[in-house]
Amino acid sequence: MEQLLSVLVPMYNEQEVIAETNKRLVKVLSSIGMDYEIIYINDGSKDKTMEIAAQFPEENERIRIIDFSRNFGHQLAVTAGLDEAQGDAVVIIDADLQDPPELIPKMIEMWRGGAEVVYGKRKSRQGETFLKKLTAFCYYRTLNALSGWKIPNDTGDFRLMDRRVADVMRGMPEHNRFLRGMVSWVGFNQVPLEFEREERFAGETKYTLKKMLKLASDGIFSFSGKPFALIRWTGGLLLTAGLLLLLIMLIVNLCGGAFVSWRLLMYLMFTLSGLLLLALGLCGVYFERMYDELKGRPLYIVRRVYGKKNR
Ligand code: UDP
Ligand code: MG
């Protein structure tokens, strides 16, 4: 049987771009010399995105649309796409044309050459604010310093995965998902493909500050216990220092020295209670996550699937 490529496109309020994206995707995919399916995931758009996209499966039987009952977020939209995809290889791409569809043939070529994951690595980012570039730069480097293994710098979710990798990803049911980290965690032969990240074709970013902070903390807390370890070490050091100071105070007193200033005790108390609160706060993060998993809720809820599977 001819090989199949699945392309997953999460979309949230993308009415200005989605028709153009579909046009460009179909054009590129018609020339790759393998069968394809495009799976759009409508992540609870409040604009005309769904209305526009509903036409796609009628014009092209290779297109399906998963329509979420509400906004679940980009990472869960991609997850739904992974569950739906049947391809021998799966490509994840943004709906706003910042990730050029024209790179897909190159990704396929590298996949045929033995790569099991081809991840887009951003050489430059057009049209993004200095602040976003700076925070992204610092974030990826902090994340790497904290996590036990290497998560590639400056990559997003634009990537191709082999079927085997996609299957492993489907077996990871965690709720707070940082897909780019999870893909890097599963291993396999992963190869970067450098590209210039383009400007958004139209519209504005759908990643609000709140959503960015959530993704950033998912990256750090799901992939590293190091913040915890840091607290433990600081706690240990402070405790040792405190005990030593008390011992010195006792010896000085026993040798007839003056009574040690109450300030010392007060400062020690401040430091220790601050440390305790911080440690408790960090425990909370992990407990919250355990609670999320315990609840065992579905990750997303599909209202309806448009179009038929081809296999
Ligand atoms: N997106 C989504 N759900 C959301 C937010 C974003 O499905 O809650 C999609 C969005 O439509 C786009 C992709 O995720 O296809 C990346 O979002 P965006 O381009 O706004 O992020 P940026 O490129 O600015 O980081
Ligand atoms: Mg974008």
Side-chain angles (χ1 to χ4, degrees), residues 7-25 38-53 56 63-85 90-101 103-104 119-140 143 153-159 175-181 195-219 299-303:
V7 178
L8 313 181
V9 193
M11 49 184 195
Y12 176 56
N13 295 344
E14 299 287 11
Q15 61 180 12
E16 295 93 352
V17 302
I18 202 65
E20 176 71 15
T21 305
N22 188 56
K23 221 165 55 198
R24 262 173 72 183
L25 271 175
I38 307 177
I39 300 166
Y40 289 97
I41 305 94
N42 177 40
D43 185 15
S45 297
K46 295 175 189 74
D47 63 359
K48 295 202 165 25
T49 303
M50 189 60 231
E51 256 176 84
I52 301 168
F56 302 161
I63 300 178
R64 298 205 290 291
I65 299 168
I66 298 175
D67 184 24
F68 276 5
S69 63
R70 63 166 170 85
N71 179 247
F72 281 86
H74 173 232
Q75 301 286 299
L76 292 181
V78 174
T79 302
L82 278 172
D83 288 342
E84 178 73 13
V90 182
V91 166
I92 303 168
I93 189 166
D94 280 357
D96 60 359
L97 294 170
Q98 281 197 286
D99 310 325
L103 278 183
I104 295 176
Y119 57 91
K121 192 169 161 61
R122 302 157 176 176
K123 248 196 324 205
S124 67
R125 298 166 152 234
Q126 306 290 321
E128 291 196 274
T129 60
F130 174 73
L131 193 72
K132 179 148 184 175
K133 286 186 206 171
L134 182 74
T135 46
F137 181 87
C138 297
Y139 174 70
Y140 282 111
L143 183 63
N153 286 335
D154 311 318
T155 60
D157 286 314
F158 181 35
R159 67 186 66 225
H175 282 233
N176 298 291
R177 298 172 85 77
F178 186 65
L179 291 170
R180 58 200 74 164
F195 75 106
E196 315 271 347
R197 188 152 158 92
E198 283 171 35
E199 262 180 77
R200 208 174 218 287
F201 178 74
E204 269 160 22
T205 178
K206 304 300 172 321
Y207 255 95
T208 53
L209 185 65
K210 199 171 147 208
K211 283 180 176 164
M212 289 245 293
L213 287 176
K214 161 87 175 101
L215 184 69
S217 68
D218 282 345
L299 292 183
Y300 54 83
I301 303 157
V302 172
R303 181 186 293 129

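Start at 1 and go down the list; that is how both ligands and their atoms are numbered. For this chain, numbers begin at 1 and follow the sequence in order. Bear in mind the structure is a predicted one, so any value in this text is a computation, not a measurement.
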May I ask you to check whether Asn71 and Lys206 show a side-chain donor-acceptor distance below 3.5 Å? no

Heavy-atom side-chain proximity of Leu299 to Arg177 below 4.5 angstrom: yes

Do any N or O atoms from the side chain of Arg24 and from the backbone of Leu97 form a donor-acceptor pair under 3.5 angstrom? no

The side chain to side chain contact (heavy atoms under 4.5 Å, CB included) partner of Leu25 among Val7, Val91, Ile63 is Val7

Taking side chain to side chain contact (heavy atoms under 4.5 Å, CB included) as the test, write out the residues that go with Lys210, two or more places apart. Thr208

The Mg ion (ligand 2) neighbourhood, protein N/O/S only, threshold under 2.8 Å: Asp96 OD2, Gln98 OE1

List, ordered by chain and residue number, the protein residues whose closest non-hydrogen atom lies under 4.0 Å from any atom of ligand 1. Pro10, Met11, Tyr12, Glu14, Asp43, Asn71, Gly73, His74, Asp94, Ala95, Asp96, Gln98, Lys132, Arg197, Arg200, Thr205, Lys206, Tyr207, Lys211

Checking Phe56 now: which residues fulfil ring-ring contact (aromatic ring centres under 6.0 Å, His included) with it, not counting sequence neighbours? Tyr40

Distance alone, cut at 3.5 Å: any donor-acceptor contact between the side chains of Tyr207 and His74? yes

Taking the six-membered ring of Phe68, is the NZ or CZ of Arg70 close enough (under 6.0 Å from the centre) and on axis enough (within 45°)? no

Going by heavy atoms in the side chains, are Ser45 and Gln15 under 4.5 Å from each other? no

